[in-house]
Every structure is written in C-alpha cells, then in structure tokens.
Amino acid sequence: MSTDELNFVLKARREKHDALIERGIAPYAYGFKRTHTAAAAIAALGDADEGESVRVAGRIVAWRGQGKTSFAHLADDSGRIQLYFRKDELGEELFETLKLFDIGDVIGVSGALFRTKTGETTVRVASAEMLAKSLRPLPFGKEEVVDGVVVRHSGFSDPEQRYRQRAVDLAVHPEVRASFVARSRMVSALRAFLDARGFLEVETPVLQPLYGGAAARPFTTHHNALDIPLYLRIADELYLKRLVVGGFDAVYEIGHDFRNEGVDRTHNPEFTMLEWYQAYADYTDMMLLVEQLLVAAADSVRNHAAYTAAVPVLEPPFPRIQWVESLNAALEADVLAMSDAELRKAAVRADVAKADTLSRPKLLDELFQAHVERTLHNPTFVVDYPMELSPLAKPKRGAPELTERFELFAGGKELANAFSELNDPLDQRRRFEAQARLRAAGDEEASGIDEDYLRAMEHGMPPMGGVGIGVDRLFMYLSGISHIRDVILFPTMRPE
RNA sequence: GACCCGAUAGCUCAGCUGGUUAGAGCAACGGACUUUUAAUCCGUAGGUCCUGGGUUCGAUUCCCAGUCGGGUCACCA
C-alpha cells in the first residue's frame with residue numbers, strides 16, 4: 001500500500017515511524033528487560049510515597065499531554081500503571097521524541113515509583129524506548145472510575161469486528177482476556193482432576209478414514225499422497241476405546257471435534273471435547289466422577305472474581321431421572337410400545353420439524369428434547385436411554401430394551417453424555433448393522449460399520465465407563481456466558 | 001432454515017415526512033498548559049453514507065435484490 005492510499009490517521013502514524021528512523025531510533029526492538037509488571041510495580045510501592053526504580057513495558061493506552069509534562073497509562077498483562085514524563089528530567093531531545101509516540105505503541109520505560117497528589121502510583125520516567133510502533137490505531141475507549149467501577153466510553157463494541165479482529169478485541173478489553181484466562185484455568189483444573197485419579201492424557205487422530213462415536217455430519221478432506229478421503233473427527237470415542245483394548249486402563253483427551261452443522265449461540269463447527277474412559281467402571285461410577293469433576297471445575301471458575309457470582313452452587317448428588325419414565329409421564333403414554341406412526345403423530349403435536357422424514361430413533365430423541373430436556377435447569381442426570389438411541393452403550397442389566405447411558409443436563413443444555421461402554425463385539429456388530437440400515441434409509445447421522453473398531457473389540461475390550469463433556473458449554477454454564485463465540489478465541493465466521 | 005433489526009469519519013453514534021455544502025464526541029493534526037487521569041482550552045483536517053438496480057427534477061433517506069452482521073426461534077443424540 002502506498003502512503004497515498006493510507007487515510008489520514010494511518011498516514012500520520014507512518015510519518016512518525018519514518019521520523020523515528022530519521023532520529024536513529026529503531027521502531028521495532030528485539031526485547032526489553034523488565035524488572036516489574038504493572039501490578040508488581042504498584043505492589044512494590046505499597047503505601048509509600050517514593051519508591052525504587054523500575055523497568056516496565058507495555059502498550060500506551062492513554063495519553064494526557066500537558067505542555068512540559070505528560071501523563072500516560074501503560075497496560076500490560078497484569079494491569080495498567082501511570083507514567084509521568086517531565087521535560088526537565090528527560091531532556092529536550094527525548095521529550096521531543098515523545099511527540100512521535102502514540103496510543104497503541106508498545107514501549108518500555110525506566111524510572112522511580114512515586115505517588116501523585118491524587119494518590120495514583122506512577123513511574124517518573126527517566127528513559128523511554130520504543131519497542132513496537134503502532135501503525136494502525138487501536139480503538140481504546142476512555143475509562144473513568146465511578147464508585148470503584150471502570151466505565152468505558154466510546155470503545156470498540158461492534159460485535160462483528162470484535163470477533164473478526166480478536167487481537168484488537170483482546171488488546172482493548174482486559175475483561176475479555178480475563179474470560180479466556182478463566183476458561184484456560186478451568187481446563188487446567190479438568191486435567192489436574194483426571195491426572196490426580198490416574199488418567200493418562202493422550203492424543204488420537206483428528207483425520208480419520210471413518211468418522212463415528214457420535215451422530216453428526218462431518219467435514220471431508222482428501223489426503224493427496226495416499227489419495228484417500230479423510231474426515232475430521234466428530235468424536236474421539238472409538239480411538240480412545242481402542243487404547244483401553246491396548247492396555248491403557250484410564251485415558252482422556254481434550255481436543256477439537258468438528259461437526260459440519262449450523263452456527264449459533266451454542267454451536268461452533270469446531271469445539272472442544274473432553275472424553276475419558278475408565279476400565280472396570282460402569283456408568284454409575286461415571287456419574288460420581290462427573291459430579292466431582294463439575295464441582296472441581298466450578299471451584300476453578302469461582303476463583304475468578306468476575307465470575308464468582310455467576311457460578312452455580314453444585315450440590316451432588318444430582319437428581320437422576322429415567323428417560324422412559326419421564327417421557328412416558330410427559331406424554332401420558334408408553335412410548336416404547338408406540339408404533340412409528342404414533343410416534344410421528346406425537347412429534348407433529350410437539351411441533352417437531354420435519355417429523356414425517358425422521359427415523360424412529362430420531363423421533364424418540366426429538367420427543368424427549370421437546371417434552372423433557374428443556375425443563376431441566378438444575379444439573380440432572382437423565383439415565384437409561386432406549387437401545388435404538390445408543391448404538392455404543394451396553395444393554396441395561398434387567399431391561400435389555402434400554403441401555404446403561406446417561407446424559408447430564410444443566411441450564412437447559414446437554415453437558416455430558418456417558419455409557420457403560422458396549423464391549424461385546426457380536427452385539428456391537430448387530431448395532432452397527434442396524435445403524436447402517438437407518439443410514440441406507442436416509443438418516444444422514446446414523447453411523448456405518450467400523451470394521452477396524454470391531455476387530456479391536458474382538459481382541460477383548462475390558463468393561464469400562466466412558467464420558468464426553470463439551471468443554472465450551474461447561475465453561476458457558478459455569479461462567480454464565482451465554483454465547484459460545486465469547487468462550488472461543490477465534491469463532492468460525494464467514495470470510496469478509 | 002424462518003422472522004425481526006442493523007450497516008454513515010479510525011472508534012462510538014446522530015441525521016425528522018426525500019431537498020443546498022452529511023453532523024457530534026473520542027482518536028488524529030496545529031497551538032496553549034510542569035501532578036493530570038473521560039485532563040482542559042483554541043483551531044484544523046478527516047466521508048465510495050455496505051453493493052447493485054429502481055422510483056424521482058433530486059436518494060444516506062423510499063422500494064427491490066444482494067452481501068455481511070446482530071437478535072429471537074427452529075435444527076444439530
């Protein structure tokens with residue numbers, strides 16, 4: 001881009017950049033030795049009025065020139081600190097150079113700490129270095145503190161631009177950075193929880209020749225050298241269970257799954273899934289583990305002041321309700337005895353979309369969603385799903401038309417899905433074949449037959465419990481953040 | 001996917017039933033100011049009014065289509 005094409009704001013920045021070079025000042029440095037972060041410097045002064053000399057670095061976020069002095073605020077990861085520049089201390093030349101500094105520039109300064117007459121901890125700047133000249137202005141709003149609360153004026157609020165330009169959003173919104181810190185700490189807490197219980201974190205393929213473990217439409221790609229189609233995984237499940245066959249008795253993975261479906265408040269095409277599998281455990285053991293893990297995750301989020309009030313109080317044990325009984329009660333009928341046609345009629349009455357095209361399992365699922373799921377706000381385990389909805393779960397002991405499966409619902413959303421994992425290869429084959437028939441009949445989300453997975457199971461798969469938890473949604477539930485794009489750093493968007 | 005809403009200066013926004021040269025605050029530029037903090041004061045500059053059609057003497061404004069986004073609902077075990 002030539003200078004002529006830049007608008008006046010960018011042009012002014014570029015001219016200052018060139019002027020720095022003319023004065024022999026490199027606009028982009030290689031580093032800066034800091035002695036303190038902004039927060040550490042403020043802590044170092046404590047209650048004193050004069051303090052030690054510090055070296056701090058960060059971005060200029062506010063500037064108040066006042067003739068032969070200037071005040072500025074410098075922001076780093078820890079917070080912000082005020083800078084005080086005086087011509088008589090800096091000398092003519094450096095003070096003149098300050099005119100080439102802009103809001104948004106990254107600078108490093110050194111100088112003694114002191115307290116201004118209004119009480120603010122400030123660095124009396126003795127020297128200042130340009131570390132990165134900002135050629136494009138950042139839309140910092142002005143901030144004032146009213147009754148201890150930061151009020152921002154004229155900031156950067158256009159939602160589209162905030163998500164498209166997340167670097168800018170993060171740079172000007174410390175509270176957005178803080179939300180992602182809270183998320184990251186929660187994920188660390190999940191890892192710590194599982195690590196402490198003997199689980200091994202593993203990584204399984206994102207690129208898979210067959211996709212399975214869930215019902216969803218995949219992203220498809222192609223490997224050139226092998227000349228084969230590959231799918232981005234929709235779940236980790238089938239690979240993790242192969243590892244249990246291999247002798248890893250307790251494994252987990254935190255990674256991205258990909259589902260080629262709609263984008264909305266609670267769905268992003270790529271999202272973070274936690275799955276774990278524990279040999280010799282069943283779904284009742286998994287319920288206890290999920291309860292404890294949720295409590296640990298909630299404690300982690302509660303540690304962040306901004307979310308303390310939002311975190312729900314979790315008091316295990318969570319209520320358990322039976323899938324069939326709760327739907328029967330809602331419909332005043334025996335759902336599993338109903339014919340496909342009767343189910344379809346009930347679905348139409350419940351305003352289920354496209355009820356005439358749905359397979360029996362989908363009809364059951366839709367009816368359950370319409371009549372039961374959306375009423376579940378406090379954490380609740382829904383247990384014992386119909387066989388036809390759960391092709392990877394073991395039959396329920398004493399009720400073979402059901403499976404040992406539960407889902408955890410909270411805030412009206414599914415947070416977890418778990419089974420006593422089916423480990424009978426002959427039964428698994430029959431279930432896959434039933435799925436394949438549904439698929440042939442037009443159910444796009446039904447799985448096919450995964451021969452490689454069956455072969456692993458035929459070698460002998462220990463009984464195990466397994467759980468999947470949507471990490472984005474878990475954090476949303478615990479933090480009270482209502483939109484998934486606010487918990488994903490770079491949410492999927494249509495290109496401009 | 002359905003319905004509703006939006007797109008105007010770098011940012012946040014105003015712009016009436018269509019009418020001369022599209023405005024404000026912040027940011028920018030010039031000036032004053034040695035403890036300010038949404039600093040203040042004086043001045044200057046800054047626009048493809050999302051795109052394409054249409055109606056009209058005349059469209060940022062009205063109509064249609066499109067693009068992108070937001071909200072609500074539906075869907076995605």
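Chain naming here is simple, since letters A, B, ... match the order of the sequence lines and numbering starts at 1 in each. Computed over heavy atoms, backbone and side chain alike; hydrogens, waters and symmetry mates excluded. The structure presented is a predicted model; accordingly, all values stated were derived computationally and were not measured.
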Distance alone, cut at 3.5 Å: any donor-acceptor contact between the side chains of [X] and [Y]?
X	Y	result
R265(A)	S482(A)	no
S70(A)	R64(A)	no
T116(A)	T122(A)	no
N417(A)	Y385(A)	no
E120(A)	H73(A)	yes

* Asked: In terms of the nearest nucleotide of RNA chain B, which residue is placed more toward the 5' end: R13(A) or D158(A)?
  -> D158(A)

Any side-chain N or O of [X] under 4.0 Å from OP1/OP2 of [N]?
X	N	result
R162(A)	G70(B)	no
K142(A)	A39(B)	yes
R265(A)	G70(B)	no

Between [N] ([atom2]) and [X] ([atom1]): distance, integer Å:
X	N	atom1	atom2	result
R164(A)	C68(B)	CZ	P	9 Å
Q165(A)	C68(B)	CD	P	18 Å
R473(A)	A77(B)	CZ	C1'	11 Å
E373(A)	A77(B)	CD	C1'	8 Å
D264(A)	U72(B)	CG	C1'	11 Å
E407(A)	A77(B)	CD	P	9 Å
Y385(A)	A77(B)	OH	P	12 Å
L438(A)	A77(B)	CG	P	15 Å

* Structure fact -> A correct 5'-to-3' footprint of nucleotides 29-36 of chain B, with B, S and - meaning base, sugar-phosphate only and no protein heavy atom under 4.0 Å, is S---BBBB

* Asked: Taking the six-membered ring of F114(A), is NZ or CZ of R124(A) closer than 6.0 Å to its centre and within 45° of its axis?
  -> yes

* Output yes when a side-chain donor or acceptor of R259(A) lies under 3.5 Å from a complementary backbone atom of I234(A), and no otherwise. => yes

* S390(A) side chain vs M387(A) backbone, donor-acceptor pair below 3.5 Å -> no

Complementary nucleotide of [N], counting Watson-Crick and G-U pairs under 3.5 Å:
N	result
C26(B)	G10(B)
U17(B)	none
U60(B)	none
A45(B)	none
A2(B)	U72(B)

Can you tell me, in whole Å, how much space there is between the [atom1] of [N] and that of [M]?
N	M	atom1	answer
A14(B)	G1(B)	P	30 Å
C16(B)	C57(B)	C1'	22 Å
A59(B)	U40(B)	C1'	42 Å
A45(B)	A9(B)	C1'	11 Å
U55(B)	U12(B)	C1'	34 Å
C29(B)	C64(B)	P	45 Å
G23(B)	U44(B)	P	14 Å
U60(B)	C5(B)	P	22 Å

* Using a heavy-atom cut-off of under 4.0 Å over every strand shown, decide if A62(A) touches base, sugar-phosphate, or nothing. => nothing

* Scan P391(A) against the nucleic acid and name what it touches under 4.0 Å (heavy atoms): base, sugar-phosphate only, or nothing. => base

* Measure from the side-chain heavy atoms of F156(A) and tell me the nearest of C11(B), G69(B), A38(B). => C11(B)

* Only one of E275(A), E253(A), E270(A) clears salt bridge (Lys or Arg N to Asp or Glu O under 4.0 Å) with R233(A); which? -> E253(A)

